Amino acid sequence: MQKKRFYYLIALQYLGFRFHGWQEQPNVLTVEKMLKRTLKYVFEEKWFKVIAAGRTDAKVSANQTFVELFVEEELEMLGFLDLLNENLPQDIRALEISETDRNFNIIQHPKEKEYVYLFTFGEKPHPFSAPFMAHIFENLDIELMQHGAKLFEGKHDFRSYCFRPTENTQTEGEIECCEIVENTLFTANFFPSKSYLLRVRGKGFKRHQIRLMMGALIDLGKGKIDLAFLKKTLRPENEIVLEHIAKASGLILNYVQLD
């Protein structure tokens with residue numbers, strides 16, 4: 001007889017700076033590994049399973065994302081959330097929990113993701129800024145970068161912005177919003193007086209896609225490339241391979257919206 005299962009969604013946030021990404025891997029510290037280790041302790045070795053809404057790379061943070069939790073005993077949700085947070089490391093926090101059912105599939109369920117990439121340029125900022133934003137020593141033409149960011153909006157073939165694509169890689173996609181604005185979203189007294197963020201929103205992204213986009217925009221701001229070249233990278237017939245992957249620590253998964 002098959003055991004009855006209960007299904008929950010947990011909203012999480014974490015600082016990715018000390019982690020080697022989300023996915024559990026041998027011999028390295030990951031967010032998934034720490035979450036599973038904590039759940040194993042909280043559930044006292046009872047069976048459970050977790051599936052994430054998506055994976056982040058090393059040093060990438062998440063302001064809000066989801067995991068689906070499968071258990072064989074019904075949870076008292078508020079008490080469980082408190083217990084989970086008491087035992088999670090300080091750089092991972094469970095925000096909320098809700099019940100779902102067996103028909104819900106977090107991988108296949110329609111979702112929208114918003115990423116932001118924090119950066120500053122010029123004078124070197126306080127070292128405490130390092131986990132949150134990238135620093136570029138050279139001056140950047142922010143206005144030109146803002147024009148460049150808008151070129152990514154809409155439906156394009158993003159082959160140039162896929163990390164090591166194969167013949168089977170689906171490179172076409174749609175970006176609903178891509179803009180560079182002054183950063184007022186995340187603040188701290190040790191941040192530089194002015195910083196910026198790239199905001200990108202869409203249904204899904206390939207590995208390193210946003211960091212490759214940010215790398216191209218940084219090169220644009222430095223004057224290494226122009227808008228015409230940026231337009232060429234969005235035409236698959238040009239087969240342009242981009243190699244500038246912006247630093248991971250500036251990238252934050254800002255939210256995941258489940259439809």
Side-chain angles (χ1 to χ4, degrees), residues 16 19-26 28 30-33 50-62 65-68 104-117 119 134 145 148-180 198-220 224-259:
F19 294 108
H20 200 81
W22 166 267
Q23 188 174 10
E24 189 171 14
Q25 303 168 58
V28 293
T30 71
V31 181
E32 185 180 28
K33 178 182 285 188
V50 290
I51 301 177
R55 295 175 293 182
T56 49
D57 290 332
K59 295 186 181 294
V60 176
S61 299
T65 188
F66 289 97
V67 295
E68 189 174 6
F104 180 82
N105 184 314
I106 198 169
I107 301 298
Q108 297 178 358
H109 192 86
K111 57 182 74 71
E112 179 181 80
K113 297 180 180 181
E114 180 177 279
Y115 282 88
V116 294
Y117 191 98
F119 67 100
M145 293 172 68
K150 286 297 176 183
L151 296 178
F152 291 114
E153 291 184 342
K155 294 181 179 180
H156 299 284
D157 191 307
F158 290 99
R159 175 164 290 274
S160 293
Y161 298 91
C162 293
F163 181 69
R164 297 176 182 172
T166 67
E167 292 182 359
N168 298 321
T169 302
Q170 175 55 256
T171 58
E172 293 182 353
E174 182 175 6
I175 289 179
E176 298 174 13
C177 171
C178 187
E179 61 180 357
I180 289 177
L198 170 72
R199 176 182 286 113
V200 186
R201 188 165 61 246
K203 297 295 184 183
F205 304 95
K206 300 300 179 184
R207 186 185 179 201
H208 295 341
Q209 180 179 343
I210 296 173
R211 289 168 60 195
L212 281 162
M213 291 166 56
M214 189 68 222
L217 290 170
I218 291 171
D219 289 345
L220 179 68
K224 291 184 175 182
I225 62 172
D226 56 19
L227 290 173
F229 177 82
L230 207 59
K231 291 177 182 177
K232 287 180 181 178
T233 65
L234 295 170
R235 300 191 190 109
E237 66 272 14
N238 292 316
E239 296 186 357
I240 296 171
V241 178
L242 297 173
E243 297 182 351
H244 183 182
I245 302 175
K247 294 177 181 178
S249 55
L251 186 59
I252 299 169
L253 174 56
N254 194 31
Y255 68 75
V256 175
Q257 180 176 311
L258 301 174
D259 295 341

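What you see is a predicted model, and the numbers here were worked out from it, not measured in a lab. In this chain, numbering begins with 1 at the start of the sequence shown.
Applying the salt bridge (Lys or Arg N to Asp or Glu O under 4.0 Å) rule to Glu153 yields the partners Lys150; only residues at least two apart in sequence or on another chain are considered. Considering only residues two or more places apart in sequence or on other chains, Glu174 meets the salt bridge (Lys or Arg N to Asp or Glu O under 4.0 Å) condition with none of them. Residues passing the side-chain hydrogen bond (donor to acceptor under 3.5 Å, both in side chains) test with Ser160: none are found, sequence neighbours excluded.
Contact of the Thr56 side chain with the Val31 side chain is not registered, since no non-hydrogen atoms from C-beta on lie closer than 4.5 Å. A 4.5 Å side-chain heavy-atom check between Val60 and Trp22 finds every atom pair outside the cut-off. Using a 4.5 Å cut-off on side-chain heavy atoms (C-beta onward), Phe66 and Leu258 make contact. Here the side chains of Phe229 and Leu220 are not in contact, with every heavy-atom distance at 4.5 Å or above. A heavy-atom distance below 4.5 Å is not found between the side chains of Lys155 and Glu172. Looking at heavy atoms from C-beta onward, Leu230 lies in side-chain contact with Leu217 at the 4.5 angstrom threshold. At a threshold of 4.5 Å between non-hydrogen side-chain atoms, the residues Glu112 and Glu176 count as touching.
The CD atom of Gln209 sits 14.5 Å away from the CE atom of Met214 when rounded to the nearest 0.5 Å. With rounding to the nearest 0.5 angstrom, the OG1 atom of Thr65 is 9.0 Å from the NZ atom of Lys111. Atom CD1 in Ile51 sits 10.0 Å away from atom CD in Glu32 (nearest 0.5 Å). How far CD1 of Ile218 is from CE of Met145: 6.0 Å, rounded to the nearest 0.5 Å. Taking CD of Glu114 as the start and CD1 of Ile252 as the end, the distance is 11.0 Å to the nearest 0.5 Å. In this structure, NE2 on His156 lies 5.5 Å from CG on Leu234, to the nearest 0.5 angstrom.
No donor-acceptor pair under 3.5 Å is formed between the side chain of Lys203 and the backbone N or O of Pro110. Without hydrogens or angle criteria, Arg211 side chain to Ala246 main chain gives a donor-acceptor distance under 3.5 Å. When atom types are taken as modelled, the side chain of Thr30 and the backbone of His20 share no donor-acceptor pair closer than 3.5 angstrom.
For NZ of Lys231, the number of neighbouring non-hydrogen atoms (other residues, nucleotides, ligands) closer than 6.0 Å is 12 at most. In Lys247, the NZ atom is not crowded: 12 or fewer heavy atoms of neighbouring residues, nucleotides or ligands sit closer than 6.0 Å. Residue Arg55 places its CZ atom among 12 or fewer non-hydrogen atoms of other residues, nucleotides or ligands, all under 6.0 Å distant. His109 NE2: more than 12 foreign heavy atoms inside a 6.0 Å radius. Within 6.0 Å of CD in Glu237 there are more than 12 heavy atoms belonging to other residues, nucleotides or ligands.
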Inset, instruction - Decide side-chain contact (heavy atoms from CB on, under 4.5 Å) for Tyr117 and Phe119; before the verdict, give the C-alpha distance in whole Å, the side-chain angles of both, and the deciding distance to 0.1 Å. - result: CA-CA 7 Å; Tyr117 191 98; Phe119 67 100; 4.2 Å; yes

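Ala53 and Val256 make their closest contact through CB-CG1, 4.5 Å (heavy atoms, listed as atom of the first residue, atom of the second, distance). Nearest heavy atom pair, residue Met213 against residue Ile175, reads CE-CD1, 3.7 Å. The two residues Lys113 and Phe205 make their nearest non-hydrogen contact at O-CE1, 3.9 Å. Closest approach of Cys162 and Lys206 over heavy atoms only: SG-CG, 3.6 Å. Contact detail for Ala149 and Leu198: the closest heavy-atom pair is CB-CD1, 4.2 Å. Residues Phe158 and Gly173 approach most closely at CE1-O, 3.5 Å, considering heavy atoms.
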